[in-house]
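Lettering of chains follows the sequences in order, A, B, ..., and the numbering in each one begins at 1.
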Protein chains: 2
Amino acid sequence: MASPDTRTQLLDAAEHLFAERGYRGTSVRAITDLAGANLAAVGYHFGSKAELMSAVARRVVEPINAAQCAGLDRLLARTPDPAVADLVEAFTGPLFDEMQAGDEGGARTSRLIVTILGDPAEEVRSWTGPAEDTVRERYLAAFGRALPDLSPEELRFRMRGILAVTAVDRVEVYQQSSPTCPSPVAGEAARHWAITFLTAALSAPPTRT
Amino acid sequence: MASPDTRTQLLDAAEHLFAERGYRGTSVRAITDLAGANLAAVGYHFGSKAELMSAVARRVVEPINAAQCAGLDRLLARTPDPAVADLVEAFTGPLFDEMQAGDEGGARTSRLIVTILGDPAEEVRSWTGPAEDTVRERYLAAFGRALPDLSPEELRFRMRGILAVTAVDRVEVYQQSSPTCPSPVAGEAARHWAITFLTAALSAPPTRT
DNA sequence: ATTTCAATCAAACGTTCGTTTGAATCAAAC
DNA sequence: GTTTGATTCAAACGAACGTTTGATTGAAAT
């Protein structure tokens, strides 16, 4: 169906450059140069730069979504009403796992996610598949059962806080670490700090209105 | 020293467009068109597009920094060791004040801040003046006294969480609200939700290592 | 040997970008 | 009335952009 190599190398190069310089800051020529491919390869394999970005995003987000989903399944298999701390860990864990797994790949992944989410262009942000929404809704329901006193609106607010804290933290780690050494120590510490931080935040009593 | 109008109108137009489409997504031509000025006006008044961005950022951030500083002064005048909740409110308050103050200007301000902070280009992120660092260090010291059991590293992590939660929330509000109606109700509720959320998070016991 | 077809390639397409130029404008100073 | 100096203007600059084209490759199918 496709070349076994250049297509993947284009995805790799694009993921790297999009994370480092953003979508608009990365030219198709820079991608093909890094991939060792011809300039026209992007058009041939993906159709356009935007569709390449979409493919990159899908490749990055899918395993995270799957891991989050599996983590929730594992929790629910044990007990129908997991504790807040366990839910937080299951949700944020995959984001941290990505990091220490690869050679600086994981922090870059987070950087890429923030680059996408933070980009004002609809074109860049519009790849959010239905799978992502499904996972979020499932966690929302689980958190709702664990925190029954919270209004749906405030619960949504707090869940948004989870993503904000983890994503921003990972970006900071990526920006400060040298390109070659991602400092896994800081990454592992941040993982536990984030769970402590977010569990306390989620578990706070409802804001009295 | 300068025209009373076009310079300011360029700043207004640039602030609007940078917030909505990002730095790279905004052309100098779009700015001058919206400002009703000539294309060359940006070069004449600011030197370059990058310096215009720097001027916009400074104009947006300075009043926030000043308000954060004044809020801390007010707290310290009352007691040398303010409570965590009061510190959180003094720090996040100015970010929320900006919103309900103006006609959709405040949420846009937050959108702009996130656009800047999230932009991978060093050129865009490098405007952080010394004033910003000073304010952050002062709050860091105050939080340190209020939370003496926390290691400096974990305290820094938690303070980064404050910015992450407030900024990301404000962006969400901006993206969902119609351009004309920023829904100040949601803004006022989010303000209290954020204080609750962050106070609990900051006050969590130290992560045991 | 010929056909076939996906893949790669150099080259060019037209557009948009940030910036620069040099003349035109206009009120204040002389 | 003339000069001055700051400001605005239309026009063009070269560079970089995403995309398209049409020829070329090379291995598998006939």
Side-chain angles (χ1 to χ4, degrees), chain A residues 1-58 112 115-116 119-127, chain B residues 1-58 112 115-116 119-127:
Chain A
M1 183 190 296
S3 161
D5 237 9
T6 57
R7 211 189 116 98
T8 304
Q9 278 181 310
L10 283 175
L11 283 170
D12 291 340
E15 180 180 325
H16 190 165
L17 293 173
F18 284 153
E20 205 158 64
R21 314 182 194 173
Y23 176 74
R24 296 197 138 102
T26 302
S27 68
V28 174
R29 284 168 176 83
I31 295 171
T32 52
D33 282 359
L34 182 61
N38 185 271
L39 172 59
V42 166
Y44 177 78
H45 285 283
F46 298 94
S48 68
K49 181 188 177 185
E51 291 174 274
L52 168 58
M53 166 58 123
S54 176
V56 168
R58 248 177 293 125
L112 176 64
T115 293
I116 296 170
D119 198 303
E122 190 105 9
E123 175 192 21
V124 177
R125 240 182 311 109
S126 63
W127 51 264
Chain B
M1 182 189 293
S3 160
D5 239 8
T6 57
R7 210 189 116 98
T8 303
Q9 278 182 311
L10 283 175
L11 283 169
D12 291 340
E15 181 181 324
H16 190 165
L17 292 173
F18 283 152
E20 206 158 65
R21 314 181 193 174
Y23 176 74
R24 294 197 140 104
T26 302
S27 69
V28 174
R29 284 169 176 81
I31 295 171
T32 52
D33 282 0
L34 182 60
N38 186 271
L39 172 60
V42 165
Y44 177 77
H45 285 283
F46 298 95
S48 68
K49 180 189 177 185
E51 292 174 272
L52 169 58
M53 165 59 123
S54 176
V56 168
R58 248 177 292 125
L112 177 64
T115 294
I116 297 170
D119 197 301
E122 190 107 10
E123 174 193 23
V124 178
R125 241 184 308 110
S126 62
W127 51 264

Listed pairs, N/O of protein and of nucleotides 18-22 of chain C, under 3.5 Å:
{"residue": "C:dG18", "atom": "OP1", "partner": "B:T26", "partner atom": "O", "Å": "3.4"}
{"residue": "C:dG18", "atom": "OP1", "partner": "B:K49", "partner atom": "NZ", "Å": "2.7"}
{"residue": "C:dG18", "atom": "OP2", "partner": "B:V28", "partner atom": "N", "Å": "2.8"}
{"residue": "C:dG18", "atom": "N7", "partner": "B:R29", "partner atom": "NH1", "Å": "2.8"}
{"residue": "C:dG18", "atom": "O6", "partner": "B:R29", "partner atom": "NH2", "Å": "2.8"}
{"residue": "C:dT19", "atom": "OP2", "partner": "B:K49", "partner atom": "N", "Å": "2.8"}

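Atom CG of A:D33 is separated from atom P of D:dG18 by 12 Å (rounded to the nearest Å). For the pair B:L52 CG and C:dC17 P, the interatomic distance rounds to 15 Å; values are reported in whole Å. With rounding to whole Å, B:Y44 atom OH is found 17 Å from D:dA10 atom C1'. Between the CZ atom of A:R7 and the C1' atom of C:dA6 there is a distance of 14 Å, rounded to whole Å. Between the CZ atom of A:F18 and the C1' atom of D:dG18 there is a distance of 12 Å, rounded to whole Å. Rounded to whole Å, the distance from CD on A:Q9 to P on C:dT8 is 10 Å. Taking atom CD1 on A:I31 and atom C1' on D:dT19, their separation rounds to 14 Å, with Å as the unit. In this structure, A:D5 places its CG atom 9 Å from P of C:dT8, rounding to the nearest Å.
Between B:H45 and the phosphate of D:dA6, there is no side-chain N or O to OP1/OP2 separation shorter than 4.0 Å. OP1 or OP2 of D:dT8 has at least one side-chain nitrogen or oxygen of B:T6 nearer than 4.0 Å.
Side chains of A:N38 and A:T32 form no contact here, defined as non-hydrogen atoms less than 4.5 Å apart. Here the side chains of A:M53 and A:F46 are not in contact, with every heavy-atom distance at 4.5 Å or above. Side-chain contact check for B:V56 versus B:L112: some heavy-atom pair is nearer than 4.5 Å.
The distance from the CD atom of B:E15 to the CG atom of B:L52 is 10.5 Å, given to the nearest 0.5 Å. Rounding to the nearest 0.5 Å gives a distance of 10.0 Å between OG1 of A:T6 and CG of A:L11.
Judged by distance alone, the side chain of B:K49 and the main-chain N or O of B:Y23 form a donor-acceptor pair under 3.5 Å. The backbone N or O of B:L17 sits less than 3.5 Å from a side-chain atom of B:T26, completing a donor-acceptor pair.
Nucleotide D:dA6 forms a Watson-Crick or G-U wobble pair with C:dT25, both donor-acceptor distances falling under 3.5 Å.
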